[in-house]
Amino acid sequence: MLKTRIIPMLLFRDVGLVKGAAFDSWRRVGAPMQAVKVFNMRDVDELVLLDIGAVGNNQEPDYDLVKSLAEECMVPLTVGGGVLDSEMVRQLLLAGADKVSINTAAYENPSVISESAKRFGVQCVVASIDCRKNEDGSHQCFSHCGTVATGREVVSWARELESLGAGEILLTSIDRDGTMEGFDLELIRKITSEVSIPVIASGGAGSYEDIEQAISLGKASAVSASSIYLFTEATPLGAKMYLEAKGIPVRNSAVR
């Protein structure tokens with residue numbers, strides 16, 4: 001069995017990190033370099049840094065920022081936000097990113113996924129899906145940081161992303177984002193049962209039990225979270241200890 005990854009998520013906008021709920025990220029929560037240094041000491045497996053202001057402001061990724069953070073970061077770093085084509089993917093990888101997350105551009109130009117996977121390997125390409133639950137129980141994908149409805153149904157889109165060459169999927173429930181009320185387990189299970197690539201569950205973690213359920217019930221390969229580590233006493237190490245006590249393999253075993 002593959003070992004579960006614990007992945008804090010950092011949301012960057014303008015000059016600092018932010019967090020909110022349901023993609024309304026307004027609360028300042030610190031500086032990215034400070035966060036990277038802290039998580040270097042917190043037994044995390046990877047970090048995700050998303051520039052949530054880049055798309056709305058028509059900005060390219062901040063390659064200099066990524067370079068400075070990558071030089072300090074001691075774990076694999078996934079970077080996203082404002083990525084429009086495979087050349088931008090190349091620039092981010094050269095800056096030190098280990099993986100690149102692509103969201104909005106994939107709806108407008110799906111070949112960005114296939115071209116990036118062909119040029120740099122599927123292991124570098126993370127397809128990000130942000131979605132909301134409809135009244136009929138289906139889930140619709142949104143682009144532009146959750147502000148534009150794409151009309152795409154989440155399961156069919158996830159299948160297409162896999163066929164295009166995405167190495168894994170970062171799946172975020174906009175409805176649950178920042179609420180700390182638990183993951184949308186139905187959503188996670190929908191996707192993990194239909195694709196063979198790893199799925200990173202995001203949106204709603206409020207306790208170690210929530211994280212465990214995303215893995216045991218949702219069948220996620222990894223769990224990304226933010227608020228739980230920012231606003232509670234929970235830690236990535238604590239999450240690993242809880243999971244291992246439940247019989248779920250984790251990296252860098254915490255229980256002795």
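What you see is a predicted model, and the numbers here were worked out from it, not measured in a lab. In this chain, numbering begins with 1 at the start of the sequence shown.
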Review item, side-chain donor-acceptor pairs of residues 5-13, under 3.5 Å, at least two apart:
from, atom 1, to, atom 2, distance (Å)
Arg5, NH1, Glu46, OE2, 2.9
Arg5, NH1, Glu168, OE1, 3.2
Arg5, NH2, Glu168, OE1, 2.9
Arg13, NH1, Ser25, O, 3.1
Arg13, NH2, Ser25, O, 2.3

Closest heavy-atom contact between Asp177 and Lys19? OD1-NZ, 2.9 Å
Suppose we screen for side-chain hydrogen bond (donor to acceptor under 3.5 Å, both in side chains). Which residues come up paired with Asp14, at least two apart in sequence or across chains? none
With sequence neighbours excluded, residues passing salt bridge (charged side-chain N to carboxylate O under 4.0 Å, His left out) with Arg189: none
Can a donor-acceptor pair be found, under 3.5 Å and without considering hydrogens, that links the side chain of Asp184 to the backbone of Ser173? no
Got a sec: does the CZ of Arg42 have more than 12 other heavy atoms crowding it under 6.0 Å? no
Quick one: which residue pairs count as a ring-ring contact (aromatic ring centres under 6.0 Å, His included) with a foot in residues 131-155, not counting sequence neighbours? none
Of all residues at least two apart in sequence or in a different chain, which pass the side-chain hydrogen bond (donor to acceptor under 3.5 Å, both in side chains) check with Thr147? none
Other residues, nucleotides, ligands: >12 heavy atoms within 6.0 Å of Met33 CE: yes
Side chain Glu87, main chain Leu84, donor-acceptor under 3.5 Å: no
Among Glu186, Gln140, Arg176, side-chain contact (heavy atoms from CB on, under 4.5 Å) partner for Lys133: Glu186
Hey, is the main chain of Ser128 close enough, under 3.5 Å, to the side chain of Asn103 for a donor-acceptor pair? yes
In chain order, what residues pass the side-chain hydrogen bond (donor to acceptor under 3.5 Å, both in side chains) check against Arg119, with sequence neighbours excluded? Ser86
Salt bridge (charged side-chain N to carboxylate O under 4.0 Å, His left out) partners of Glu72, counting only residues at least two apart: none
Just by modelled atom types, is the Gly137 backbone N or O under 3.5 Å from a matching donor or acceptor in the Asn134 side chain? no
Applying ring-ring contact (aromatic ring centres under 6.0 Å, His included), which residue pairs with at least one partner in residues 28-69 are found, sequence neighbours left out? none
Does any N or O in the side chain of Asp43 come within less than 3.5 Å of the main-chain N or O of Pro236, such that one atom is a donor and the other an acceptor? no
Under the 3.5 angstrom rule, does the side chain of Ser68 hit a backbone N or O of Leu65 as a donor-acceptor pair? yes
Closest heavy-atom contact between Leu185 and Leu217? CD1-CD1, 3.9 Å
Residues passing the side-chain hydrogen bond (donor to acceptor under 3.5 Å, both in side chains) test with Gln59, sequence neighbours excluded, are none
Taking 4.0 angstrom as the limit, do Glu212 and Lys246 come out as a salt bridge? no
ring-ring contact (aromatic ring centres under 6.0 Å, His included) contacts touching residues 145-180 (sequence neighbours left out): Tyr107-Trp157
Check whether any side-chain N or O of Asp210 sits under 3.5 Å from a backbone N or O of Ser207 as a donor-acceptor pair, and report yes or no. yes
Side-chain donor-acceptor pairs under 3.5 Å in residues 196-206, sequence neighbours left out?
from, atom 1, to, atom 2, distance (Å)
Ser196, OG, Glu162, OE2, 2.4
Ser202, OG, Thr172, OG1, 3.4

Residue pairs passing the ring-ring contact (aromatic ring centres under 6.0 Å, His included) test where at least one lies in residues 212-240, sequence neighbours excluded: none
Going by an N to O cut-off under 4.0 Å, is there a salt bridge joining Glu244 and Lys240? no
Before accepting this row, confirm whether a basic side-chain N of the pair Lys67/Asp62 lies closer than 4.0 Å to the acidic partner's carboxylate O. no
Tell me if a side-chain donor or acceptor on Asp51 pairs with a main-chain N or O of Gly53 at a distance below 3.5 Å. yes
